[in-house]
Amino acid sequence: MAQTVRAQQTQTPAIDAAAVLAWYDRHARDLPWRVSPTDRARGQAPNPYFVWLSEIMLQQTTIAAVRKYFAAFTALWPTVHDLAAAPLDDVLVQWAGLGYYARARNLHACAVAVVEHHGGVFPKSAAQLRELPGIGDYTSAAIAAICQDEPVAVVDGNVDRVVARYLALEKPVREEKPLVRATVQAVVPQRAGDFAQAMMDIGATICAPRRANCLVCPLEAGCLGRRTGNPLAFPVPPVKAPRPNRYGHAFVIRHPQGKVFVRQRGPKGLLAKMTEVPGSDWTDASEPAAFPIAGDWEPAGAIEHTFTHFHLTLSVWVLNADAPLDEGWWSDETRLSDEALPSLFRKVLSRAGLQA
DNA sequence: AATACGGGGGT
DNA sequence: ACCCCAGTATT
């Protein structure tokens, strides 16, 4: 008897792909890069360039944050040829503020590769897409499924969560990646693209991080997490590393003719190749400012900024001067939106009284 | 297998 | 505050 009960509990009902698709046909989100299930059924194909661009932008980034950037990029560069022909620095300017800037560098490299090595046409298969810069396991599967209906498992953070709850996984989902992937792969239907997007939509709108709206979920019938009575207990959260504090100084040099001195960061590491205001190293303890040039530096308070793996406090100093540093350029204070300034340095310039 | 890598929106 | 987002590359 006990054995029978245990067998039932560990039985993992397959995900009902037909129910997922039926739900998607009624509740698919309307997104600028997406072809609706209705239009897809009529034979309309997604634009691989739009799908790819959106997928790169959406890596670890919310749809709300992506919308404006996607509109700007497709307006400036309507095709992969246009993007490949653009200077990388222009791409970085447009990407500024979206974060994870390696994505922008890989985006440009990928566009160049598609034009140079694939005649400007995105490869069809996930395996070929996987070879391109910035395209990993998830993104290659997503593009191939959405654009070609290749029957591959598309597993992002949403699907991780949906499946972790569906199977009531006891361990952090990172340790169960193969099981999650196999569970999805086993049920991928012919409409592989719609199914992939449906699973992500379910994760975004029904089976959300802090809310499980099981009453309207097409997976409710077989969901073990639901059966436990506390689906929000899944997925089990991973142990989180503490986020240390770092400190530094930022030096804003304002030219009398309405310009401010900026420079380009190095080619590797944090915010690589982006534009910055000169500053000190960032250290574990606060240190006195060592000004790059002599002058009447005025304190302008401090800004706080949180990165993925540390928290930064930057003291902001302002000097009115017409002497530049060694490397860098004067940027018009009214045209700072033309610079590749990450949010951190927009905060710094804002603190110094500039419209960044 | 761990770590580096941004920023913002939701709770 | 804390979580987490249509992850990838590097070590």
Side-chain angles (χ1 to χ4, degrees), chain A residues 28-29 31-34 46 50-70 92 95-107 109-110 129-147 152-162 164 172-175 177-178 181 184 193-205 207-211 232 235-244 246 265 268-274 276 303-312 340-347:
Chain A
R29 288 180 292 176
L31 300 170
W33 46 84
R34 175 179 283 182
F50 286 4
V51 173
W52 163 71
L53 178 60
S54 69
E55 290 298 345
I56 303 299
M57 288 183 167
L58 287 162
Q59 289 168 3
Q60 297 292 275
T61 308
T62 57
I63 286 171
V66 162
R67 283 183 184 277
K68 287 181 182 174
Y69 287 84
F70 181 83
L92 294 180
W95 197 276
L98 196 57
Y100 283 153
Y101 297 99
R103 291 186 296 173
R105 303 192 299 271
N106 286 329
L107 182 84
C110 183
L129 288 161
R130 183 67 179 78
E131 303 295 316
L132 291 165
I135 298 184
D137 289 339
Y138 161 75
T139 304
S140 57
I143 297 172
I146 293 170
C147 295
V152 286
V154 179
V155 181
D156 73 331
N158 287 304
V159 177
D160 273 341
R161 180 177 55 258
V162 171
V173 68
R174 283 189 68 107
E175 302 174 32
K177 266 288 184 188
R181 188 185 302 267
V184 175
D194 284 347
F195 178 70
Q197 294 173 96
M199 290 293 285
M200 294 190 277
D201 279 16
I202 289 169
T205 65
C207 199
R210 286 175 184 71
R211 185 175 49 80
L232 297 184
V236 178
V239 289
K240 53 182 182 289
R243 191 142 45 194
R246 289 189 193 166
R265 291 175 62 83
K268 291 183 178 176
L270 194 66
L271 310 177
K273 294 189 181 181
M274 300 298 286
E276 70 171 357
I303 62 97
E304 310 247 345
H305 194 77
T306 302
F307 293 100
T308 306
H309 49 297
F310 66 95
H311 182 82
L312 180 65
L341 284 165
S343 295
L344 168 66
F345 295 109
R346 291 190 188 279
K347 279 188 193 174

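Naming convention: chains lettered A, B, ... in sequence-line order (proteins, then strands); numbering from 1 in each chain.
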ask   = Near DNA chain C, under 4.0 Å by heavy atom, which residues of residues 137-147 of chain A?
value = A/Asp137, A/Tyr138, A/Thr139
ask   = Rounded to whole angstroms, how far apart are OH on A/Tyr69 and P on C/dA6?
value = 17 Å
key: Those residues that, when tested against A/Ala28, pass side-chain contact (heavy atoms from CB on, under 4.5 Å) (two or more places apart)   = A/Tyr24, A/Arg34, A/Pro37, A/Asp201
key: Sugar-phosphate only, base, or nothing, as touched by A/Trp95 at under 4.0 Å among non-hydrogen atoms   = nothing
ask   = Rounded to whole angstrom units, what separation is found between the CG atom of A/Asn158 and the C1' atom of C/dG7?
value = 12 Å
Rounded distance in Å between the P positions of C/dC4 and B/dC5 = 22 Å
task = Write down the distance between CG (A/Asp201) and C1' (C/dC5), rounded to a whole number of angstrom.
result = 14 Å
message = For a quick test of reading the model: is some side-chain N or O of A/Lys240 closer than 4.0 Å to OP1 or OP2 of C/dC2?
response = no
inquiry  = For the NZ atom on A/Lys177, are there more than 12 heavy atoms of other groups (residues, nucleotides or ligands in this structure) within a distance under 6.0 Å?
reply    = yes
More than 12 heavy atoms from other groups under 6.0 Å of CZ on A/Arg181 = no
ask   = DNA chain B: stems of at least 3 consecutive Watson-Crick or G-U pairs, cut-off 3.5 Å?
value = B:1-5 with C:7-11, B:7-11 with C:1-5
query = Which value, in whole Å, describes the distance between the C1' atoms of nucleotides C/dT8 and B/dG9?
reply = 23 Å
query = Does the side chain of A/Arg130 get closer than 4.0 angstrom to OP1 or OP2 of C/dT8 through an N or O atom?
reply = no
request  = Provide the distance between the two P atoms, one in C/dA6 and one in B/dT11, to the nearest whole Å.
outcome  = 13 Å
ask   = How close do A/Arg161 and A/Pro235 get, heavy atom to heavy atom, and via which atoms?
value = CG-CD, 3.7 Å
ask   = Between A/Lys347 (side chain) and A/Glu304 (backbone), is there a donor-acceptor pair under 3.5 Å?
value = yes
Heavy-atom side-chain contact between A/Val66 and A/Trp33 under 4.5 Å = yes
message = Base, sugar-phosphate or nothing for A/Arg29? Non-hydrogen atoms, less than 4.0 Å.
response = base
inquiry  = So A/Ile135, base contact, sugar-phosphate only, or nothing? Heavy-atom distance under 4.0 Å.
reply    = sugar-phosphate
task = Take atom CH2 of A/Trp52 and atom C1' of C/dT8, then tell me their distance rounded to the nearest Å.
result = 15 Å
message = Check this for me, if you would: do A/Asp160 and A/Arg174 make a salt bridge, where the nitrogen-to-carboxylate-oxygen distance has to be below 4.0 angstrom?
response = no
message = Need to verify one output field. Residue with the more 5' nearest nucleotide on DNA chain C, A/Pro133 or A/Arg34?
response = A/Arg34
task = Assess the side chains of A/Tyr138 and A/Glu55: does a donor N or O sit below 3.5 Å from an acceptor N or O?
result = yes
message = I need the CZ-C1' distance between A/Arg161 and C/dG7, as an integer number of Å.
response = 15 Å
task = Starting at the 5' end of nucleotides 5-11 of chain B, put B wherever the base has a protein heavy atom under 4.0 Å, S where only the sugar-phosphate does, and a dash everywhere else.
result = BBBSSBS
request  = Mind checking ring pair (Phe, Tyr, Trp, His ring centres under 6.0 Å) for A/Phe307 and listing every partner two or more places apart, or none if nothing turns up?
outcome  = A/His305, A/Phe310
key: Pairing residues for A/Tyr69 by the ring pair (Phe, Tyr, Trp, His ring centres under 6.0 Å) criterion, not counting sequence neighbours   = none
